[in-house]
Amino acid sequence: MVLELEKRLDARVRAVLKEKYSLDVANVPLETPPDLHLGEIATPIALQLARTLRKAPKIIAQEIVAALGSVEGFARFEVAGAGYINAYLDRAAAARMVAAPQSSRPSQGPLHAMVEHTSINPNKAAHIGHLRNAILGDTFVRLLRAAGYKVDVQNYIDNTGVQVADVVVGFLHLEKKSLAEVRTLIADCEKRCAGVGGHAAGIDYYCWDLYARTSSWYAEGTTEDQAERKKIRLDTLHLLEHGGNETAEVAELISTAVLRRHLETMLRLGIEYDLLPRESEILHLKFWEAAFEKLKQTGVLYFENEGKNRGCWVMTRPGTLASTASGGRSGSTASGDLSGSQASGETDEDAKVIVRSNGTVTYVGKDIAYHLWKFGLLGRDFGYKRFFTYRNHECWISAEHGEADHPHFGGATAIYNVIDSRQSDPQANVIQALRGMGHADQAEHYTHFSYEMVALTPRCAEELGYSVSDEDKKKAYIEVSGRKGFGVKADDLIDKLIATVQPLVDEKQAASPEPVRRQIARQIAIGALRYFMLKVTRNSVIAFDFKDALSFEGETGPYIQYAVVRIRNIFRKGGTTPEAILAEFAKQASRQVGKPASQQESVPDAAAAAEVLKGRDLSRAANAEKNDGALAPEESALVSYLSGEENEDIWSLWLRAGRFSQVLEQCINTSEPAYLAKHAFQLAQEFANFYHRHHILTEEDPARKTFLLASAAVALRELVRALALLGIESPEAM
RNA sequence: GGGCGAGUAGCUCAAUCGGAUAGAGCACCGGCCUUCUAAGCCGGGGGUUGUGGGUUCGAUUCCCGCCUCGCCUACCA
């Protein structure tokens, strides 16, 4: 509702500026006034135009207001302060818009987005840092879908990297297990893990410890030992990359089993994927070779003959002098060319190595190839196999030889990579490469959806039994590390949340059967966890602490869920439903239809404008009377319910409920789900305020009671909708 | 050395494109359960927005200097 009215006002003001001052303004700055007394929408446009027009802002504001005339949906405009124009909504009309049945949003055209998130190395259990990634990514997927995008969700799996190699070294060289023994171990873990609360028996937990042990094993022993172990590590990595050997088979077994655990963990949070592209296929299907040719042809990569990167294929980094120099770098390999610019004569020591002097490709190189595929620019495709079945769909995994019948992936128009901010440099390199290859449009629609890490407070680390150095104790937070086995595992945290909330649920819902109570505890636990990760904006580090994470009061998911439950209780006790009430409300509105459109939007002639200006204190009802003659009784009642000092909290609730699409748009434009989290909390707060001030079921005036119920129904609908987009369920009771 | 990000109430965080009186939660203090669930509500104390300049009608926001912290900057992945 608010978004629609803002757009209407924006268009009207721009038209006025064009008409009156011959000014073309791209868009009119609109903001929310600090107080409802100052209206619902405001613009400081007159302040901005004062210089250009060489006039006092207040005069400009008055002229604009006079020229605006009456605008449908608005009751009046006022000039206030130094020259603000404050717009006051037609509250009854606004409420009708909010209460109206929500039309299913039409698709916004061929918007095809690809969101990559989670992407945990499949060599250990997921931890809280991975939770932030997955929750952010999954929430953004929900937002994009709500806005009409077709979205493919990808979870990239680095199954042939050094991290998997490390845990393979652990199995083969520390534990000296055979392929058969590894297979037995995995089967055994899966069996034990299936029991209730059996996450700790999972292969991912097993690997968590083994990976940490292996990491320290590399650093132990004599210098000769260390050299030998380092060689074992590198040889193992190469065996994995190459494939077709027993070591690679061990890696395949482990990484696949761990991956399955990750999917199960994420499913506890309601997070699902469509595709799992793996590095092994990127290697074996020769994605890099195809990309390499294109990179050479376009001159993005050049061969370095001099300096520390001699013998490598490198590319210039974005933002460096060399990258901004005009012309391609393809010719600069000729060392004889010393003419012209400073950059071309010198070797770029800062360049990014893509192909090493031994001919192997770096991670960024493979990533460039992968992203060409994402945009449908590579000319090659994965094979696909079914891997994991969800309630409503199938998750596919890449394969060298896939199934014949599979959905189409790749060829997106926009991609979002949920990757922590530490990787902004390699991400920037990939974007730079795309741009250099002439894919400016794709580079433009490549979003590194970056976020800061989750770290532990020193206190939390000590609570968990880790020894914390004096140096670390002074820090605000300590980075988690899978390599050191330092962190909070995702399943442990979820279990702890459930264990914390379960007694509370058992007490308050003692009459409910046990499975219902378990379900509620799970919903609250997940709600608390997801909200905890989403309420903070992406670029601030989360210093994790159990005290905050296990809180169910204040600005938390459960607070919002509680508001939902209270509303549901009102309808339950009142013997009606939100749907019935809103239908009743809509019926009243339909009696208002039938007035000619020409009267709704009156032509702004000078006399009328002057009247509006002069009659600032004209009540909205009086205005309406001027347009429509007499108001229907329901309508004048609605006006009175929504105005006056004692009803400001109710209007505030309706107004907030009407902000959904505005907030959704803001979230998508800024890739920031935190705004929706904040919105949901504020709406819940407005409702709590309303709930305590107006007792609905004891209201004696039936018309007012219906209105109060409609207010609750609208709040419920919007709370449930916002929570759903945050991936938080709305319990029936709690 | 260079790049990116951050510094706001005791703590954790907000603050839209530069706008009106810088807001929430936690913690603390004081009230409110015979009324639709107290996982709640109301009230209170709390701020030189790291620091010094600049830009202008107006700066937490933009520019420059300085201080502090984190991350990145490997022929690791």
Side-chain angles (χ1 to χ4, degrees), chain A residues 27 29-35 38 42-44 47-48 50-51 56-57 80-84 86 121 158 160-165 234 237 279 308-312 314 317-320 350 352-358 360 362-364 366-367 420-426 428 450 452-453 455 457 475-477 479 501 504-505 508-509 524 528 535-537 539-543 545 547-548 551-556 558-559 561-563 565-574 662 666 669-670 674-675 678 681-682 685 688-689 691-699 708 712 733-734:
Chain A
N27 57 340
L30 295 175
E31 50 193 61
T32 306
D35 191 287
L38 298 168
T43 176
L47 290 130
Q48 289 176 11
R51 177 171 286 262
Y84 283 95
N86 292 332
N121 275 299
D158 186 1
T160 53
V162 73
Q163 290 212 25
V164 169
L234 204 61
L237 177 62
E279 188 181 56
K308 69 174 177 121
N309 293 333
R310 183 176 173 167
C312 299
V314 302
R317 288 175 191 277
T320 61
D350 202 35
K352 178 74 190 170
V353 172
I354 302 299
V355 180
R356 302 183 189 101
S357 56
N358 68 3
T360 57
T362 62
Y363 178 77
V364 170
K366 285 178 270 193
D367 220 21
D420 82 72
S421 60
R422 285 169 291 193
Q423 300 227 41
S424 61
D425 196 56
S450 76
E452 280 292 341
M453 63 184 170
T457 61
K475 293 182 177 172
Y477 50 81
E479 187 176 356
V501 79
L504 202 62
V505 174
K508 297 188 81 168
Q509 300 297 321
I524 295 170
K535 74 172 169 182
V536 180
T537 50
N539 64 357
S540 72
V541 176
I542 293 182
D545 201 307
K547 180 181 141 291
D548 296 330
S551 166
F552 306 104
E553 291 168 13
E555 193 185 350
T556 65
Y559 174 94
Q561 291 173 315
Y562 189 61
V565 166
R566 281 177 147 179
I567 300 173
R568 288 186 167 152
N569 281 340
I570 294 169
F571 284 97
R572 201 172 290 132
K573 293 222 169 167
Q662 185 190 27
Q666 185 188 15
N669 288 343
T670 56
Y675 296 123
K678 182 69 82 182
F681 173 66
Q682 285 172 332
Q685 250 186 342
N689 187 12
Y691 178 88
H692 283 275
R693 286 183 56 169
H694 308 278
H695 202 269
I696 299 174
L697 294 180
T698 53
E699 172 60 47
L708 292 176
M734 64 188 277

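Letters go in sequence order (proteins before strands), and every chain restarts at 1.
- Checked by distance alone, A:Thr362 brings no side-chain donor or acceptor within 3.5 Å of a matching partner on the base of B:rC75.
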Polar pairs (N or O, both sides) under 3.5 Å between protein and nucleotides 2-11 of chain B?
| unit_1 | atom_1 | unit_2 | atom_2 | d |
| --- | --- | --- | --- | --- |
| B:rA6 | OP1 | A:Asn539 | ND2 | 3.4 |

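- The heavy-atom pair separating A:Gly554 from A:Phe681 by the smallest distance is O-CE1, 3.7 Å.
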Give me, pair by pair, the N or O atoms of the protein and of nucleotides 55-58 of chain B that are less than 3.5 Å apart, along with how far apart they are.
| unit_1 | atom_1 | unit_2 | atom_2 | d |
| --- | --- | --- | --- | --- |
| B:rU56 | O3' | A:Arg51 | NH2 | 3.4 |
| B:rC57 | OP1 | A:Arg51 | NH2 | 2.8 |
| B:rC57 | OP2 | A:Arg51 | NH2 | 3.4 |

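- Remark: A:Arg572 engages A:Glu732 in a salt bridge (Lys or Arg N to Asp or Glu O under 4.0 Å) (not counting sequence neighbours).
- Out of B:rC75, B:rC71, B:rG25, the shortest distance to the side chain of A:Gln685 is found at B:rG25.
- Comparing the same atom, P, in B:rC67 and in B:rG10 gives a spacing of 26 Å after rounding to whole Å.
- Rounded to a whole Å, the CG atom of A:Asp545 is 11 Å from the C1' atom of B:rC26.
- One donor-acceptor pair, N or O on each side, does fall under 3.5 Å between the base of B:rA20 and the side chain of A:Asn86.
- We find that NZ of A:Lys352 is positioned 6 Å from P of B:rA74, with the value rounded to whole Å.
- The CE-C1' distance, from A:Met453 to B:rC71, rounds to 7 Å in whole Å.
- Rounded to an integer number of Å, the gap from CD of A:Glu555 to C1' of B:rA15 is 13 Å.
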- prompt: Reading nucleotides 28-38 of chain B 5' to 3', which nucleotides get B (base under 4.0 Å from a protein heavy atom), which S (sugar-phosphate only), which -?
  reply: -------BBBS

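- Here B:rG40 is the nucleotide among B:rC17, B:rG40, B:rC13 with the atom lying nearest to any side-chain atom of A:Tyr559.
- For A:Lys475, whose side chain is taken as the heavy atoms from C-beta onward, the closest listed nucleotide among B:rA20, B:rG70, B:rC75 is B:rG70.
- Closest to the side chain of A:Gln666, from the set B:rA39, B:rA20, B:rU16, is B:rU16.
- In this structure A:Lys475 satisfies the salt bridge (Lys or Arg N to Asp or Glu O under 4.0 Å) test together with A:Asp472, sequence neighbours excluded.
- A:Asp425 has no carboxylate O lying under 4.0 Å from a charged side-chain N of A:Lys352, or vice versa, which leaves the two without a salt bridge.
- Between B:rG47 and B:rA9, the distance separating the two C1' atoms is 6 Å to the nearest Å.
- Closest to the side chain of A:Asn689, from the set B:rA20, B:rC72, B:rC42, is B:rC42.
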task: Could you provide the dot-bracket string of RNA chain B, using ( ) for intrastrand pairs, [ ] for crossing pairs and | for bases paired to another strand, with Watson-Crick or G-U pairs below 3.5 Å?
output: (((((((..((((.....[...)))).(((((.......))))).....(((((..]....))))))))))))....

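- Residue contacts for A:Val541: at a heavy-atom cut-off of 4.0 Å it reaches the sugar-phosphate backbone alone, with no base atom in range.
- A salt bridge is absent between A:Lys547 and A:Asp545: the closest approach of a Lys/Arg side-chain nitrogen to an acidic carboxylate oxygen does not fall below 4.0 angstrom.
- Between A:Tyr675 and B:rA15 there is a side-chain N or O to OP1 or OP2 distance below 4.0 Å.
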